[in-house]
Amino acid sequence: MNILVCISHVPDTTSKINFTESDTKFDTTGVQFIINPNDEFGLTRAIWFKEKIGAQVHVIHVGTSAADPTLRKCLAIGADKAYRIDAPATDGSAVANELAAFAKDHAYDLIIAGRESIDYNGAMVPGMLSALLDMPFVPNCVGLTIDNGMATAEREIDGGREQLKAHLPIVIGAQKGLVEESDLRIPNMRGIMQARQKPFEVVPSQGAEAKTKDVSFEKPAPKAAVKLIPADDIDQLIELLHKEAKVI
Amino acid sequence: MSVLVFIETENNTLKRNAAEVASYGVALATLLNTSCKAIVFHATNPETLGQFGIKEVTLVSDAPTHFDAHAYAEIVAEHAQKNEFSQVVVSSSADAKYLAPILAVKLQAAYVPNVVNLPQSTTPLSYKRAAFTNKAFAYSEVLAANSVIGVSNNSFGVVEKNERCAVVPSSSASPSTKLEQLSIEKVTGIATIADADVVVSGGRGLKGPENWHLVEALADVLGAATACSKPVSDMGWRSHDEHVGQTGKPVSTNLYIAIGISGAIQHLAGVNSSKVKVVINNDPEAPFFKAADYGVVGDAFEVVPKLTQKLKEFKA
Ligand SMILES: Cc1cc2nc3c(=O)[nH]c(=O)nc-3n(C[C@H](O)[C@H](O)[C@H](O)COP(=O)(O)OP(=O)(O)OC[C@H]3O[C@@H](n4cnc5c(N)ncnc54)[C@H](O)[C@@H]3O)c2cc1C
Ligand SMILES: Nc1ncnc2c1ncn2[C@@H]1O[C@H](COP(=O)(O)O)[C@@H](O)[C@H]1O
């Protein structure tokens with residue numbers, strides 16, 4: 001089985017978000033970049049398949065060399081080969097088109113992306129990729145087993161879960177729940193050494209065009225100070241929620 | 001340049017979020033000087049969309065009865081192309097986020113998710129949308145002729161119009177499905193995090209699952225959904241799908257009540273777009289108070305039952 005895991009490279013979850021150049025660029029100063037947490041759940045499941053039923057696991061990123069350390073980390077925790085498509089990740093549509101062009105030339109049985117990236121948050125790439133490749137897609141995927149070319153997957157829905165079945169190849173959008181958090185791996189010395197020997201290929205861009213352009217950014221307006229209500233005056237809280245906030 | 005609104009249903013009736021997406025679509029059409037129509041699958045009450053200004057809705061009844069993103073996207077795309085709709089408006093529910101990217105590819109359209117407002121400019125179309133898990137907004141310009149717009153929950157609001165809405169049955173062939181549905185488990189009769197107007201959420205400060213009756217009782221009087229912080233679901237006190245935050249479900253309600261939750265940046269990121277936040281915490285230094293509108297510094301085990309009791313009296 002051949003598995004492709006799409007990796008986005010995002011600011012660490014504790015990062016304060018700031019912009020530069022008159023609010024037109026994300027300010028990377030002092031920001032630590034990590035594997036998008038949803039992608040890490042997906043990668044961990046891919047490595048589980050590799051160890052349990054045998055699979056080749058490739059990781060891929062569309063973007064600049066800034067993400068190379070993130071891809072090396074994926075190799076160190078068990079992926080077999082890394083690709084980077086050398087194109088600026090301008091929008092979800094361009095990224096999905098670059099990935100689709102690549103995937104068409106390689107026979108993958110399973111393509112794993114994250115539910116959404118925690119930076120641009122489109123939840124766009126995996127669905128678009130599935131449509132471009134005409135493959136079934138399971139978003140919000142919290143369970144996946146594969147048996148004889150058939151995938152059984154579980155999708156989280158509003159208020160519950162749905163079990164789905166499809167023939168491979170499929171695309172999934174991974175999220176928390178797909179693997180246990182305790183199964184996530186931290187690269188060890190051996191993994192890091194091995195990663196240096198593993199293939200890492202830079203692929204030229206197909207020149208996919210973006211359909212949207214983020215022209216500027218804005219931070220939410222600062223919040224007014226909290227109104228504190230004494231614990232022995234709950235009536236006042238109800239009054240404020242009713243008359244001032246008008247939410248009850 | 002006309003506008004098509006995709007309306008979702010639950011048990012064959014329009015979902016609550018139909019009111020907001022319909023209102024948005026009608027306002028967008030007015031701004032673009034064009035008309036707005038809707039499309040809905042298997043609904044028994046589509047004509048009620050007139051309440052929000054929709055004058056015509058296409059009713060599809062020959063598609064899979066459960067939501068099937070691939071099949072539905074194909075039908076909506078075909079309908080949009082045939083009738084020259086260039087802007088398709090959808091909600092931000094889990095199903096809409098499933099449908100939208102597939103639909104955008106079929107329409108060769110731009111997809112702008114998490115939109116919080118009408119376009120800032122119309123030439124070119126430019127939308128304000130939430131990004132960086134609500135830590136910031138982006139202004140996204142549309143470079144394509146067609147677009148799919150995902151409206152962020154509770155961002156635009158509902159505009160009552162009271163028009164008469166004609167229902168036009170459609171007759172498209174049902175596309176084959178790519179995914180076989182094996183089963184579905186869904187809670188019924190209680191509010192879900194995505195749909196609820198109010199969410200009551202508990203954190204590690206509640207000490208253990210045996211104390212969740214406090215959260216449930218408060219949610220019950222408010223008709224609210226219950227949620228929790230990440231460690232609470234990690235420890236198995238509550239099920240995974242109640243976990244909210246940056247790596248859990250997003251919460252975008254009118255009222256979010258956080259009990260015994262410290263307000264870590266990853267938690268706040270996922271709930272910050274809720275309109276009004278009430279925090280109950282016994283530590284006056286808890287970071288959540290900085291992000292809250294109303295706060296009670298006190299022991300949850302005393303404050304919450306009192307609040308529940310007082311709300312019961314208030315509602316009575
Ligand atoms: C990659 C990553 C992703 C994450 N994603 C998320 C996410 O999506 N969602 C999320 O929630 N977290 C997330 N976290 C975890 C987050 O950093 C915090 O650890 C978590 O939100 C803390 O949960 P808590 O507030 O319930 O617990 P604690 O931080 O332990 O806070 C408990 C609070 O309860 C208060 N308290 C104690 N006793 C009482 C009492 N009797 N009455 C009233 N108050 C009381 C305390 O003062 C304290 O403020 C993530 C972390 C990482 C590293
Ligand atoms: N530049 C990229 N390169 C490779 N994969 C990506 C990239 N951007 C997004 N993805 C994948 O698509 C998922 C959803 O991202 P998004 O559509 O940005 O929310 C991510 O979790 C990744 O798996």
Side-chain angles (χ1 to χ4, degrees), chain A residues 13-14 17 19 37-38 92-93 118-124 126-128 130-132 136-140 142 152 156-166 175-177 181 210-220 223 226-229 231 234-235 237-238 240-242 245 247-248, chain B residues 70 93-94 97-98 101-102 104-106 110-114 126 131-133 135-144 178-187 192 194-195 222 234 240-241 246-248 254-255 265-266 276 289 291-298 302-303 306-307 310-311 314:
Chain A
T13 57
T14 55
I17 303 298
F19 303 99
N38 293 315
S93 170
I118 64 166
D119 49 1
Y120 295 93
N121 296 121
M124 293 170 79
M128 288 186 165
S130 80
L132 291 164
F137 170 47
V138 181
N140 299 60
V142 291
T152 308
E156 199 172 274
I157 54 175
D158 294 340
R161 280 163 183 240
E162 181 183 29
Q163 279 80 27
L164 297 157
K165 197 170 157 184
Q175 67 166 51
K176 182 187 167 222
E181 208 141 89
K211 290 197 160 61
T212 59
K213 182 173 193 285
D214 290 335
V215 284
S216 63
F217 298 93
E218 181 182 296
K219 299 227 284 178
K223 215 158 168 70
V226 57
K227 277 196 185 160
L228 288 179
I229 293 105
I234 296 302
D235 288 320
L237 176 62
I238 292 174
L240 285 167
L241 292 177
H242 180 58
V247 286
I248 59 168
Chain B
H70 294 277
S93 72
K97 288 201 163 189
Y98 189 176
I102 301 173
V105 167
K106 292 192 191 288
Y111 171 35
V112 194
N114 308 319
S126 166
F132 295 93
T133 356
K135 291 180 192 169
F137 296 101
Y139 289 89
S140 299
E141 227 170 77
V142 174
L143 308 174
K178 285 181 197 291
L179 279 161
E180 182 193 342
Q181 189 188 49
L182 296 175
S183 60
I184 189 159
E185 299 146 34
K186 207 170 161 139
V187 292
T192 64
D195 271 344
L222 290 166
D234 287 348
H240 276 303
D241 55 271
Q246 188 166 25
T247 54
N254 280 329
L255 174 60
I265 191 165
Q266 296 97 348
V276 175
F289 284 118
D293 300 279
Y294 303 101
V296 180
V297 179
E302 287 163 24
V303 176
K306 216 158 46 178
L307 178 58
K310 296 265 183 194
L311 276 169
F314 169 79

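Being a predicted model, the structure only gives us computed values, none of them experimental. Note on naming: letters A, B, ... go to the chains in the order of the sequence lines (proteins, then strands), and numbering restarts at 1 for each one.
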Quick one: [atom1] on [X] to [atom2] on [Y], what's the gap to the nearest 0.5 Å?
X	Y	atom1	atom2	result
A:Lys227	A:Leu240	NZ	CG	6.0 Å
A:Met128	A:Lys211	CE	NZ	7.5 Å
A:Glu156	A:Glu162	CD	CD	12.0 Å

Contacting moiety of [X], where chain B heavy atoms sit under 4.5 Å:
X	answer
A:Ser130	side chain
A:Ile238	side chain
A:Leu237	side chain
A:Pro220	both

For [X], is it the side chain, the backbone, both, or neither that has a heavy atom closer than 4.5 Å to a heavy atom of chain A?
X	answer
B:Pro113	side chain
B:Thr192	side chain
B:Asn114	side chain
B:Val297	both
B:Val187	both
B:Ala104	side chain
B:Tyr294	both

Who wins among [options] for the most heavy-atom pairs under 4.5 Å with chain B?
options	value
A:Lys176, A:His242, A:Glu181	A:Lys176
A:Ala210, A:Gly159, A:Gly177	A:Gly159
A:Gly160, A:Pro139, A:Gly92	A:Pro139

Side chain of [X], backbone of [Y]: donor and acceptor closer than 3.5 Å?
X	Y	result
B:Ser140	A:Lys213	no
B:His70	B:Lys178	no
B:Lys306	A:Ala231	yes

Looking only at heavy atoms and a cut-off of under 4.5 Å, which of [options] has the most pairs with chain A?
options	value
B:Glu302, B:Lys106, B:Gln266	B:Gln266
B:Gly298, B:Ala110, B:Ala292, B:Gly295	B:Gly295
B:Ser93, B:Ala291, B:Ser126	B:Ala291
B:Val142, B:Asp195, B:Asp241	B:Asp241

Determine whether A:Leu228 and B:Phe289 satisfy the following criterion, side chain to side chain contact (heavy atoms under 4.5 Å, CB included), listing intermediate values before the conclusion. CA-CA 9 Å; A:Leu228 288 179; B:Phe289 284 118; 4.0 Å; yes
Check the side chains of A:Gln163 and B:Gln181 for a donor-acceptor pair under 3.5 angstrom, ignoring hydrogens and angles.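 Per modelled atom types, B:Gln181 and A:Gln163 side chains form no pair under 3.5 Å.
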List for me each residue that meets ring pair (Phe, Tyr, Trp, His ring centres under 6.0 Å) alongside B:Phe132, sequence neighbours excluded, and say none if there are none.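 B:Phe132: ring pair (Phe, Tyr, Trp, His ring centres under 6.0 Å) contacts with A:Phe19, A:Phe26, A:Tyr120.
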In chain order, what residues pass the ring pair (Phe, Tyr, Trp, His ring centres under 6.0 Å) check against B:Tyr139, with sequence neighbours excluded?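 For B:Tyr139, no residue satisfies ring pair (Phe, Tyr, Trp, His ring centres under 6.0 Å) once neighbours in sequence are set aside.
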A:Lys223/B:Asp293 ion pair, N-O < 4.0 Å: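 Answer for the salt bridge query: yes.
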